[in-house]
Amino acid sequence: MKINPLLCVLPCWLLLCLLSTPVLAAPPRAELLPGADSRDWLLIIEADGERQSNELVIAPLLRQFAVGKVTMSRVTTPLHSLTRWQIPLHTLDTSPEVVPSLSLGQEQTPALPLPLRRQAGTLVAQPSQAISPIELQARVLHQGPLYPGQPFIYQLSLWLPANMEAPNLTEPASDAFTIRRLGEDQWQAPAGSGLPGRLTRNWLLQAREPGLHPLVSPRFQGRLPQDNGTSDPLSARADTLFVKIDLAPQQPVASQLTLSQQLSPASGARVGEPVIRTLTLVMEGGDGNRLTLPKLTGPAALPAAMAARPDGEQQQERFLAKGVLRFERQWRQALTATAPGDYLLPAITLPWFNTRSGRIEYARLPATPLRIEAVTPTQEAFTGPNHESLYWVIWALLLRALWQGWPRWHAFYHLQRALRREDANHARATLLAWASLRWPRRHAHRTAHLTDLPCRHAPALATGLAALDRACFATQASPSDRQPPWQGLAGPLCAYEPFAIAYGLRQLARLGQ
């Protein structure tokens, strides 16, 4: 069978043509906004990419309209850039009913018919007066798929008169997203008298679960002054956006994630002396509240003859200038060994989904050797404290800590005392009072519900908090022949305070009963 050589060359030629053809950008967009006078209009033209001012040919406008000062601006984000022209137009008696198409480089802007004045804008028009409209545009500044916990920017642009009175803008509404205000508002003054200016506001959103979720635009309300001294109420809202959130193959989701640790002291520790282990996890482009490390205590996490006690936890979150949400969390442990020797702390592996590469990756900490030295008889006789000296050390540490942060430690002491009683309402009130001091940034006002506590999802606390909530709001009291399950919160709550302080305050609470 003889094959035509052209059939072999044709597929390669087509492939080269496809590879050499650039990706086509979206065509230029144009919009007409009415001004204060019935003959005034504002022509807005937007084009993707960074364009030069001389690429737009406005000669057809000069021949048919009275053209005001043309302003050009560029909007650049990490994921998108565009160029915008604002051209004030005043219709003449000889002006056509259509704004002609203009040349923009190798492209053409669409021709726009002049709409009827009563149909312009999104406001309720007055029968005898022409008003400046309010236009809202909402969009999502993100390219590519979105996953639960991955942050993205929701941007709202408003065109409104500069003389608007009592302006008020609500927040986006959706139960499927965590919504936070991002940065300051940006105001672009009107291009001319009687024309609207532009207000831009951004929010940082993170989806809670996959699916197609509606995102309701904020509502703008205000009053527009009139010539007769009165003002008319105005209200507008942009279209609802539907944001698609894909199911991630692995949690957590981030653009970058690193895991590190530090031991203090790194060497020279003796039997019975604590070694402070600090684990630090840094995440960019993800939701830090979804982070869970493998269990750090227990038979599988620590070698034999070694015990660990939690020594506090810290976390912080901030938005970097380069447009990335950075989250950092630290866990502290006090490791003690009962016998001298060489120990090996097991390796830690945390799988996560990289949104940049679209692959599952692993943050790893290798197995860490730790040498514990024996205590000589001289050192043991000199340093070994008895119970009386231990109480004096505890008192000294407590006095120093209480001097630095008396309200928080005092609240934790009362919490420990309340948890030893059988008054559920008193225990709940002291727990909420301590939480408002423990997490002051997350709780600007005192927490009103146990479900608002940042530690509510901790496995050691979830059952006890639920039992305390039921005990406070149940119609019938639980039997008194057994210990209430919420009294077991006293021990796990010590993990949210420094070990020495929590231990000392708990011992004092026991002695004070």
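Residues: numbered from 1 along the sequence shown. This is a predicted model, so every value here is computed, not measured.
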Check the angle between the aromatic planes of His410 and Tyr413 and answer parallel, tilted or perpendicular using the 30° and 60° thresholds.
-> tilted
Give me the ring orientation class for Tyr154 and Trp203: parallel if the planes are under 30° apart, tilted from 30 to 60°, perpendicular past 60°.
-> tilted
Heavy-atom closest contact ([X] atom, [Y] atom, distance):
X: Gln137; Y: Ala238; value: N-CB, 4.3 Å
X: Ala490; Y: Gln416; value: O-NE2, 3.2 Å
X: Ser53; Y: Met72; value: CA-SD, 3.7 Å
X: Gly285; Y: Val324; value: N-CG1, 3.9 Å
X: Leu259; Y: Leu365; value: O-CD2, 3.5 Å
X: Gly49; Y: Thr83; value: O-OG1, 2.8 Å

Between atom [atom1] of [X] and atom [atom2] of [Y], what is the distance when rounded to the nearest 0.5 Å?
X: His213; Y: Leu146; atom1: NE2; atom2: CG; answer: 10.5 Å
X: Leu224; Y: Leu234; atom1: CG; atom2: CG; answer: 5.0 Å
X: Gln150; Y: Leu325; atom1: CD; atom2: CG; answer: 11.0 Å
X: Asp185; Y: Leu156; atom1: CG; atom2: CG; answer: 10.0 Å
X: Leu281; Y: Gln330; atom1: CG; atom2: CD; answer: 10.5 Å
X: Met164; Y: Phe220; atom1: CE; atom2: CZ; answer: 5.0 Å

Can you list the steps and then say if Arg318 with Glu328 is a salt bridge (Lys or Arg N to Asp or Glu O under 4.0 Å)?
-> CA-CA 9 Å; Arg318 57 195 176 104; Glu328 181 175 337; over 6 Å; no
From the options Leu43, Leu42, Ile45, select the one residue that forms a side-chain contact (heavy atoms from CB on, under 4.5 Å) with Gln86.
-> Leu42
Determine the sole option in Leu199, Leu158, Thr200 for which the side-chain contact (heavy atoms from CB on, under 4.5 Å) test with Trp187 is passed.
-> Leu199
Would you mind reporting whether Leu431 and Leu465 have side-chain heavy atoms less than 4.5 Å apart?
-> yes
Min side-chain heavy-atom separation Gln487-Arg420 under 4.5 Å | no
Check the side chains of Trp434 and Glu497 for a donor-acceptor pair under 3.5 angstrom, ignoring hydrogens and angles.
-> yes
Give the C-alpha distance, both sets of side-chain angles, the deciding distance and a yes or no for side-chain contact (heavy atoms from CB on, under 4.5 Å) between Arg237 and Leu136.
-> CA-CA 6 Å; Arg237 171 175 282 172; Leu136 292 91; 5.5 Å; no
